[in-house]
Amino acid sequence: MSYYLRKLGFYVVALWAALTLNFAIPRMLPGNPVDIMLAKLQQRGGTVTPETREAYATLLGGDDSTPLWKQYLTYLNNLLHGDLGISVSYYPAKVTDVIATSLPWTIALVGIATVLAAGLGVLLGAFVGWRPGTWLDSLVPATTLLAAVPYFWLALILAYFFGRVLGWFPVQGGYDVTLTPGWNMEFIGSAIEHGVLPALTIVLASIGAWLLGMRNMMVSTLSEDYVLTAEAKGLASRTILRSYAARNAVLPSIAGFAISLGFVVSGSVITEQVFSYPGIGSKLLGAVTNNDFALMQGVFLCITLAVLGANLLVDLLYGLIDPRTRARS
């Protein structure tokens with residue numbers, strides 16, 4: 001129990017530190033964030049009134065005339081009430097509404113692609129590492145080569161070949177704009193069709209790292225005493241592979257999967273830009289381009305919560321999968 005309490009305490013402190021950093025970043029930038037946001041608002045045709053300035057100052061916790069500690073307390077109070085402010089880029093939409101409309105797209109695309117890449121990579125890596133030196137082992141460099149290819153280049157190649165040349169899949173958007181979004185087969189089918197190429201880009205670019213990592217851990221695990229003892233007892237190869245070698249070799253991959261799963265929220269900015277996909281990554285890029293501090297803070301907050309939550313979950317699972325972890329803590 002003390003192991004789990006220590007882990008929870010650590011992540012509470014980490015969350016507080018991340019929230020504090022999220023508060024400090026806009027104030028470390030040159031200029032007054034309130035003035036910058038109001039200038040962007042005027043450029044977009046918005047009307048700036050004293051009430052508008054007060055609202056934006058409240059949004060960011062206060063302007064230069066407000067003591068920093070009061071700004072910090074206001075910022076935390078807004079977070080507790082779920083108030084992330086108004087987005088300048090998508091004025092007058094709330095940040096929570098902007099994130100809510102784009103987050104499901106990123107979770108569906110990058111989440112499914114990450115799970116597929118990790119699952120296939122770990123599974124193939126286990127089989128390749130179980131019999132090193134075979135013809136399957138010679139294919140590993142080909143998969144790791146894909147990991148070194150820039151995302152945008154691979155995305156452009158897939159878009160050109162499968163979209164332009166063969167015409168199998170659309171290359172832009174998240175669904176057919178002539179359809180009304182909803183839980184119907186026509187819209188879901190269109191969304192899946194538009195998501196194939198972006199998902200394929202992510203899977204091809206990341207599967208090599210999973211495969212290589214699992215393969216190397218399997219080779220290392222096969223020399224451990226408990227695997228040699230299991231072989232000496234005459235256990236079936238399938239049992240040794242599943243219950244002894246793969247079970248221990250997969251632990252580092254689980255930790256890596258937690259980090260990857262947490263960053264699903266940030267999406268793949270480049271991939272979403274190439275395919276004009278309506279995910280959170282494109283919203284983050286737009287927020288940075290337009291100095292939309294409120295939206296930046298909201299997206300960073302989502303990324304922080306996702307990463308910390310995923311790592312906390314895996315840390316807790318680690319204690320169940322490997323009891324030695326609890327004993328060392």
[X]: partners by side-chain contact (heavy atoms from CB on, under 4.5 Å), with sequence neighbours left out:
{"X": "Pro170", "value": "Glu193, His194"}
{"X": "Phe10", "value": "none"}
{"X": "Ala118", "value": "Trp210, Phe257"}
{"X": "Thr96", "value": "Leu84, Lys94"}

Mind checking the [atom1]-[atom2] spacing from [X] to [Y]? Nearest 0.5 Å is all I need.
{"X": "Leu301", "Y": "Leu295", "atom1": "CG", "atom2": "CG", "result": "11.5 Å"}
{"X": "Thr304", "Y": "Leu21", "atom1": "OG1", "atom2": "CG", "result": "8.0 Å"}
{"X": "Cys302", "Y": "Ile99", "atom1": "SG", "atom2": "CD1", "result": "4.0 Å"}
{"X": "His81", "Y": "Leu76", "atom1": "NE2", "atom2": "CG", "result": "12.0 Å"}
{"X": "Thr20", "Y": "Leu15", "atom1": "OG1", "atom2": "CG", "result": "9.0 Å"}

Q | Main-chain N/O of Leu197 paired with Thr201 side-chain donor or acceptor, under 3.5 Å | A |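 Between the backbone of Leu197 and the side chain of Thr201 there is a qualifying donor-acceptor contact (under 3.5 Å).
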(Q) Give me the atom names and distance for the closest heavy-atom approach of Ala199 to Leu109. (A) N-CD1, 3.4 Å
Report yes or no: do [X] and [Y] belong to one cluster of Ile/Leu/Val/Met/Phe/Trp/Tyr joined by side chain heavy-atom distances under 4.5 Å?
{"X": "Val13", "Y": "Leu305", "answer": "no"}
{"X": "Leu166", "Y": "Val196", "answer": "yes"}
{"X": "Leu19", "Y": "Trp16", "answer": "yes"}

**Q.** Hydrophobic cluster partners of Met185 (side-chain heavy atoms under 4.5 Å)
**A.** none
Q: Share the residues that join Ile112 in a hydrophobic cluster, the rule being Ile, Leu, Val, Met, Phe, Trp or Tyr side chains under 4.5 Å apart at the heavy-atom level.
A: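 ILVMFWY cluster around Ile112 also holds Leu116, Val203.
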Q. What residues, two or more places apart in sequence or in another chain, satisfy side-chain hydrogen bond (donor to acceptor under 3.5 Å, both in side chains) together with Asp97?
A. none
Q) Are a donor atom and an acceptor atom from the side chains of Thr106 and Tyr277 found within less than 3.5 Å of each other? A) no
Q: Name all residues meeting the ring-ring contact (aromatic ring centres under 6.0 Å, His included) criterion together with Phe162; count only those two or more places apart in sequence or in a different chain, and write none if there are none.
A: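 Expected list: Trp168.
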